[in-house]
Amino acid sequence: MDLRQLRYFEVLATQRHYGRASTILHVAQPALSRQIRLLEGELGVRLFERHARGATPTDEALFLLERASFLLRYAAQMKQDMMLRQRDPRGTVAIGLSPGLAQQLAVPLTRAVQHLFPEVRLRIVEGFAPSLHSMLMKGGVDLAVLNGPVQRSNLSTMPLLTEEICLIGRPQDKPLRARKIKLARLAGLPLVITGLAKSGVRLELEAAAARAGVVLNQVVEVETVEVAKRLVLDGVEFTVHFAAAIKNDIDAGALRAVPIEGLKLRRVLARASDRPPSKATEAVMATLRGVVEESVQSGTWQNATLDR
């Protein structure tokens, strides 16, 4: 098995047609067919079912496709890294962020990277923790900010910060007049629940409520804090999230966020440990850490403390 065979296989599995695949690869169909047969012989499996309309990948081929694509991307990255090793950081770096964090970090991180490393291009990918984990493992992103602690041997992590989780509502709402609120005070309050089940803020809230015997009144479930905010502003009472995600609304006096005692979430910057980072990836990691530190120390990132 060699990279050329895997490249031929990947294109054929994607195109599902020998003619189209051979055109893309600039090889004759008999040569393509021969390499696929050699690969099938080495692996001891049938990879394609040929028919009049093309070639359909077998289950074994679909299993192989994910791994072959990873190896080909890794090989291309190695080549690029070696070419760029003696030059300034350059190239594209994909970073995975939750929707709320993307809203907070996209502008300052992009500005900082453009200023410090003009040859680096950011690709910001939004997703929730489970999909970000998956994208890191499959090479879909180079970096991701995850909820800590992360206990995976194939991930390398850097601590970023810890945020207090807050009850969010309109300033005139009675429960928000205190500087902090006890978890028990949430019992019965109509809540807009954000995020995915068993993930992020929602996981922390529901787990803490279950331990304390607090029954939450979940009026509606949404994925993002942006949608939750709109519902709260429209009078659907409260939501639970981070103050930094609604900073503009807090500054404008439209919303208020009060920390809930004992509810916090750690943030870590993660990358796959089995893929050495490129110079561009290392540059973005350092820049992100600097942006986070500046935001916390200046008070822009409210109710947060830096982790070392």
With a 4.0 Å cut-off on N to O distance, would you call [X] and [Y] a salt bridge?
X      : Y      : answer
Arg7   : Glu10  : yes
Glu261 : Lys182 : yes
Lys247 : Asp251 : yes
Arg271 : Asp142 : no
Glu293 : Arg308 : yes
Lys279 : Glu282 : no

Which pair of non-hydrogen atoms, one from [X] and one from [Y], has the smallest distance, and what is that distance?
X      : Y      : value
Leu183 : Ala212 : CD2-CB, 3.9 Å
Val284 : Val120 : CG2-CG1, 4.0 Å
Leu306 : Gln297 : CD1-NE2, 3.7 Å
Gly140 : Ala94  : O-CB, 4.1 Å

- Message: Test your reading of the model: is there a side-chain donor-acceptor pair from Thr162 to the backbone of Arg266, 3.5 Å cut-off?
- Response: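 No; zero donor-acceptor contacts below 3.5 Å.
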- For the side chain of Ser131 and the backbone of Phe128, is there at least one donor-acceptor N/O pair under 3.5 Å apart? yes
- Query: Hey, mind stepping through Arg37 and Glu40 against salt bridge (charged side-chain N to carboxylate O under 4.0 Å, His left out) and telling me if it holds?
  - Reply: CA-CA 5 Å; Arg37 286 196 302 271; Glu40 288 178 325; over 6 Å; no
Can you confirm whether the side chains of [X] and [Y] place a donor and an acceptor under 3.5 Å from each other?
X      : Y      : value
Arg267 : Asn147 : yes
Glu206 : Gln218 : yes
Glu163 : Trp301 : yes

- Determine whether Arg4 and Tyr8 make a side-chain contact, defined as any pair of heavy atoms from C-beta on separated by less than 4.5 Å. yes
- Task: Report yes or no: is the cationic atom of Arg50 (NZ for Lys, CZ for Arg) under 6.0 Å from the centre of the six-membered ring of Phe48, at an angle within 45° of the ring normal?
- Result: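 No, Arg50 does not lie over the aromatic ring of Phe48.
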